Structures are given as structure tokens and as C-alpha cells.
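To start, the structure itself, in C-alpha cells.
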Amino acid sequence: MVSLIEVQIVQKRSISLFSATMLALSSLIGSGWLFGSSEAASVAGPAAVISWVIGAVVIGIVAFNYIELGVMLPESGGMSRYPQYSHGPLVGFIASWANWLSLVALIPIEAVAAVQYMSTWPWAWANWTNDFMKNGQIVGKGLIVVFLFMVVFTLLNFWSVSVLTRFTNLISVFKIAIPLLTIILLMSSGFYVENFGHNLAEFMPNGSSPVFEATTVSGIILSYNAFQTVINIGGEIKDPQKNIFRAITISLTISTILYIMLQVAYIGAITPSQLAAHGWSGLKFASPFADIAILLGIHWLAVLLYLDAFVSPFGTGVSFAATSGRTLAAMTLNRRIPKWLGEVDSTYGNPRFAYLANFAVGALLVLVFRDWSLLASVMATATLIAYATGPVTVMAFRKLRPNYTRPVHSKLMPVIAPLTFVIAGLAIYWAMWPTTVQVIFAILLGLPMYMYYDRKNGQISWKRQLKSGGWLLVYLAFLSAMSYAGSKGFNGQDWIKYPYDFLIIIVVSLVFYYWGLASRMPDSPDLEAADKLNKNVRQSVRQCNA
């Protein structure tokens with residue numbers, strides 16, 4: 001075994017633009033497409049189409065911040081390191097812990113999705129799968145199958161990066177082709193335009209607030225989240241100064257178009273008689289697109305969809321087992337979790353202890369949260385909390401290190417960064433009470449371990465850490481209070497009516513953004529590591545321009 005630091009120094013960049021894009025697409029097109037359209041329509045009706053657009057805008061803006069950071073400081077598990085560079089260990093730990101929790105949650109999410117589709121297999125020989133679920137939750141034998149899938153996700157990452165990229169390249173084409181085929185066949189087999197409504201009230205049957213709610217609770221943020229796969233393998237991508245930006249842009253654009261068209265196809269495929277009998281919120285499909293294909297008499301498509309219910313979650317599960325492993329290993333560089341989690345196999349260059357730890361945590365999560373939509377909501381909230389630090393970090397670096405080489409440098413970032421912070425705060429609120437508070441509590445549960453290792457390895461006083469990180473702790477407390485006191489549409493006490501709750505979050509979030517920016521840590525001991533990374537970028541750019 002060798003340390004992750006040693007690997008970072010001699011790291012071989014072996015992932016091409018095509019492989020990075022396919023890895024991102026393999027992660028992006030997972031269980032979200034199998035369930036997201038159904039879940040979103042049940043919450044927001046036909047206006048769920050807008051929810052997918054909002055989700056794409058939210059994640060696209062967030063990604064723009066991380067693209068600048070990723071090409072400026074390309075390293076494996078980078079999203080666990082950037083906040084520590086700019087704001088010290090406390091902010092770095094909270095952000096990396098939240099991001100790690102969200103990534104680990106994705107591993108059981110994808111396994112649960114595959115097993116949930118298995119439980120509805122319509123064939124007589126497959127009756128043994130029908131008791132995998134009870135009352136919408138994975139139980140008994142279904143849990144065993146979930147664990148087996150998670151074992152496979154983990155083992156496929158035990159060997160070289162080339163095995164991972166070949167696997168994702170192979171299945172990514174299939175994962176794109178099946179959703180496209182589903183869109184074409186559903187829209188050509190009976191598309192009911194009237195399902196979209198004849199006026200605004202029919203288009204938004206539950207009002208406008210569920211349109212925002214659906215972005216978090218229906219798996220939309222989950223579906224777009226995988227752009228960070230590219231950021232977290234940045235240290236292994238060929239020509240990262242160009243290819244990180246390209247891979248994220250290409251993969252997000254393709255997935256956005258695909259998800260929006262899937263939502264349109266789903267809404268148009270529901271028969272008016274079904275809609276009249278149940279309403280959007282009353283439509284309950286265990287395997288949404290497969291069930292619709294059977295109702296339309298396209299049985300061969302249903303078979304393909306049942307097959308893809310393995311392939312899509314499988315590819316995403318494998319990709320995020322890799323990403324979460326690298327994220328946890330990178331967190332050891334922050335010196336606030338056990339060092340052995342960052343040890344890398346000397347033969348294959350993979351953090352195997354991190355993979356095993358993630359498997360254990362993922363198994364615990366699926367034992368507690370056995371429902372796909374609940375796991376998706378938990379994951380989305382955790383990742384948004386991590387993302388909230390990105391815009392503060394990217395602007396802090398512009399003040400801390402204005403002379404860094406920045407292959408991607410936008411003059412609009414001073415506007416985009418605070419806008420991103422506000423949007424992230426709103427999206428956390430959309431997760432609704434009590435999910436918002438439950439996830440924040442789970443993130444804060446990591447603080448005792450942080451304090452233990454900070455006492456052993458700390459270089460900065462707690463007073464200095466609180467000065468640089470107090471803004472984030474108070475902001476999480478503010479969002480918790482708003483979640484409880486907010487409007488009833490987001491499951492709050494309705495003390496603050498909609499849309500005034502949005503207005504308060506927008507204004508107060510801007511205050512916290514500028515507080516966070518002012519709290520940057522110029523004397524952070526980790527900035528030296530960032531300087532070395534950027535020095536390599538400067539040399540690479542000079543070689544390309546020579």
C-alpha cells in the first residue's frame with residue numbers, strides 16, 4: 001500500500017475525453033430516468049417538465065463554479081479538498097463530509113432501483129422476485145439482492161482505472177439508446193396532448209410550489225448530480241485544462257435533453273381515462289415505463305426496460321463506487337479522518353480500504369432508508385449542502401491567489417457565484433421538513449470525529465477555525481429554522497407564507513455568501529498543496545502554447 005499523496009505526485013493521466021464523457025453519462029443516466037418522471041409528475045403534474053429545466057439550471061450553474069476550480073486544481077477527489085484550501089479544515093470537513101454522504105447514498109440508491117424493477121417482473125418463472133418489496137420498501141430477500149449488487153459495484157473498482165473506463169464505455173451507449181427508444185415508441189404509440197392541460201391551472205394542478213419541490217424530492221437533482229464524477233477524477237484525465245470543461249458540458253447537455261424528453265413522453269403516454277380516475281398524484285407505478293409499455297401492448301419494450309433496469313443503475317452504481325472511494329480517500333489529505341482510509345493499492349492504484357468503508361456505510365443507509373424516493377431526497381440535500389461552498393470557494397481563490405493560471409476564467413463569476421449560493425440554499429429548502437434537518441443533523445454527526453483528529457493533527461486554533469467557518473454553521477442553522485417555519489407547501493409550519501419564504505432565503509443567503517467570502521483563510525496551511533497543483537497546470541499550459 002502507498003499513500004494517496006504519493007499517488008497524486010506521480011499520477012498517470014490515463015482517461016481520455018471520450019472516456020471521461022462516457023463515465024459521466026454512465027453516472028448521469030442511472031435510476032433517475034427509471035423513476036424520476038413518474039415521481040415528478042405525481043408531485044407537480046405536467047409542470048414537472050419545468051422541474052427538470054429548473055434542475056438542469058441549478059446543477060449547470062453549480063457545475064460552472066466547479067469547472068473553474070477543477071481545471072485550476074485538477075486532482076482526484078478534488079471536491080473534498082477545495083473548501084479546505086480556501087477556508088481551512090472546519091469548512092473543508094463539513095463540505096467534504098456532506099459530499100461524501102451524498103455519494104455513498106448513491107450506491108444503495110442504484111441497487112434499490114434495480115431490485116424494485118425486479119420485484120415487478122411479470123413472468124411466471126420470476127414470481128420469486130415479487131416479495132422483494134412490501135408497502136413500497138425493500139424487505140427480506142430483496143435486501144440480500146441489494147447487498148449483492150453493492151458487492152459487485154465495489155469489486156469492479158478493485159482493479160485498474162482502465163477496467164472501469166472500458167466497462168462504462170461499453171454500457172453507456174446502451175444506457176443512452178434505451179431511453180431514446182422509449183421516448184420514440186411512447187410518443188408514437190399514443191401521445192395525448194390534452195394531458196398537458198388547456199390552461200395554467202391544469203398544467204400546474206397543485207400550484208407553483210410543487211414545481212420547485214419536485215426538483216429535490218423526485219430525484220431530479222440526483223439525476224443531474226453526476227457531473228462531479230469528472231471533477232473527482234480530474235487528476236487522472238488527459239489534458240484536464242480542456243477536457244474537464246468539455247466532458248461536463250457534453251454529458252450535462254445530453255442528459256438534460258434526454259430527461260426532459262422522457263418527462264414529456266411519460267406525461268403524454270398516460271391515457272385520459274387513467275388520469276381521470278386517479279389524477280397525477282394517484283398514479284402509482286412500481287416500474288413506471290415498463291408498466292406503461294405493457295399497458296400500450298409493447299411487450300418487447302417492457303422486456304428491454306426490465307433489462308435496462310439492471311444496466312442503468314449498474315453503470316451508475318459502479319461509477320459512484322469509484323467516485324465515492326476517491327472522495328473518501330482524498331478526505332484523508334485533510335487530516336481529519338483515519339489516515340489508513342487513504343491508502344492506495346500499489347499495484348492497481350485504487351483506494352481499496354475506502355471502497356470497503358463506503359460499502360459498509362451504504363449497507364447501513366439501505367437498512368435505514370429502504371425507499372428509492374426517500375434515498376434520492378436525502379442524497380440531493382446532502383450534495384446541495386456541499387455545493388453551497390463551491391461559489392464561495394471559487395471567489396475566495398480569486399482574492400487569495402489572483403495570479404493562479406485559470407484555463408477557464410469567466411468575467412461573470414462575481415455574479416454567477418452569489419447566484420449559485422442563493423439557488424443552492426433554495427434547493428436545500430425544497431427538500432422539505434424534516435428531510436432538510438435530518439440531513440443537516442447527519443452531516444453534523446461527523447463533527448466529533450473531526451474534533452478528535454483536529455486535536456491530534458490540528459495546526460489551527462479552534463478560534464481561528466470558527467472565524468473562518470462560523471458562517472457555514474450558522475447558515476445551516478438558518479436553513480433548518482426556515483424549513484420548520486416555512487410554508488406548508490414545503491411541509492413547514494406555515495408561519496412564513498409562500499412565496500415570502502423564498503424571498504427571505506434569497507436575501508439572507510446573499511448575506512451569508514458575502515460573510516463566507518470575507519471569512520477566507522489566507523494563512524491556510526493547505527494552500528501550499530494548491531500552489532503545487534496550479535504550478536503543474538501553469539507548466540502544462542506553457543507546453544501546449546510552446
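We count residues from 1, following the sequence as given. For the numbers below, each heavy atom of this structure counts, side chains included, while hydrogens, waters and symmetry mates do not. These numbers come from a predicted model, not from an experiment.
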Which residues share a side-chain hydrogen bond (donor to acceptor under 3.5 Å, both in side chains) with Y85, sequence neighbours left out: E75, R81

Taking ring-ring contact (aromatic ring centres under 6.0 Å, His included) as the definition, give me every residue that meets it alongside Y387, ordered by chain and number, with sequence neighbours left out. Y66, F227

Could you check whether F153 and F359 have their ring centres less than 6.0 Å apart? no

What residues, two or more places apart in sequence or in another chain, satisfy side-chain hydrogen bond (donor to acceptor under 3.5 Å, both in side chains) together with R398? E68

Closest approach of Q84 and F93, non-hydrogen atoms and distance? OE1-N, 4.5 Å

Kindly write out the residues that satisfy ring-ring contact (aromatic ring centres under 6.0 Å, His included) with Y475, not counting sequence neighbours, or none if the list is empty. F421, F512

Pairwise salt bridge (Lys or Arg N to Asp or Glu O under 4.0 Å) hits with a residue in residues 531-540, at least two apart: R401-D531

Hits for ring-ring contact (aromatic ring centres under 6.0 Å, His included) against Y429, two or more places apart or cross-chain, chain-then-number order -> F490

Taking the side chain as C-beta and beyond, is there a heavy-atom pair between V394 and T420 under 4.5 Å? no

4.5 Å side-chain heavy-atom contact, V537 and P74: yes

Smallest separation among heavy atoms of L341 and A357, with atom names: CD2-CB, 3.7 Å

Just by distance, do the side chain of T215 and the backbone of F212 share a donor-acceptor pair under 3.5 Å? yes

Summary of salt bridge (Lys or Arg N to Asp or Glu O under 4.0 Å) pairs that have at least one residue in residues 459-475, sequence neighbours excluded: R464-D523

Looking at T216 and A427, would you say the former's side chain and the latter's main chain have a donor-acceptor pair under 3.5 Å? yes

Is T389 reaching over with its side chain to a backbone N or O of A386, donor-acceptor style, under 3.5 angstrom? yes

Taking the side chain as C-beta and beyond, is there a heavy-atom pair between V217 and E39 under 4.5 Å? no

Donor-acceptor contact below 3.5 Å, side chain S102 vs main chain N99: yes

For residues 409-419, which side-chain donor-acceptor pairs fall under 3.5 Å, sequence neighbours excluded?
{"unit_1": "S410", "atom_1": "OG", "unit_2": "L412", "atom_2": "N", "d": "3.1"}

Student check: side-chain heavy atoms of F397 and R520 closer than 4.5 Å: no

N/O donor-acceptor pair under 3.5 Å between N534 side chain and T405 backbone: yes

Could you check if a side-chain atom of L476 sits within less than 4.5 angstrom of a side-chain atom of I428, using non-hydrogen atoms only? no

If we only count heavy atoms from C-beta on, is the W52 to S223 side-chain gap below 4.5 Å? yes

Heavy-atom nearest pair, A214 first then I220, reads O-CD1, 3.7 Å

By side-chain contact (heavy atoms from CB on, under 4.5 Å), which residues pair with L364, not counting sequence neighbours? none

List in chain and number order the residues that pass side-chain contact (heavy atoms from CB on, under 4.5 Å) with P108, two or more places apart in sequence or in another chain; answer none if no residue qualifies. M150, L365, V366

S468 and V91, any side-chain heavy atoms less than 4.5 Å apart: no

Across all chains, not counting sequence neighbours, the side-chain hydrogen bond (donor to acceptor under 3.5 Å, both in side chains) partners of W100 are N358

Minimum heavy-atom separation for G60 to L252, with atom names? CA-CD1, 4.4 Å

The ring-ring contact (aromatic ring centres under 6.0 Å, His included) partners of W33 (sequence neighbours excluded) come to F289

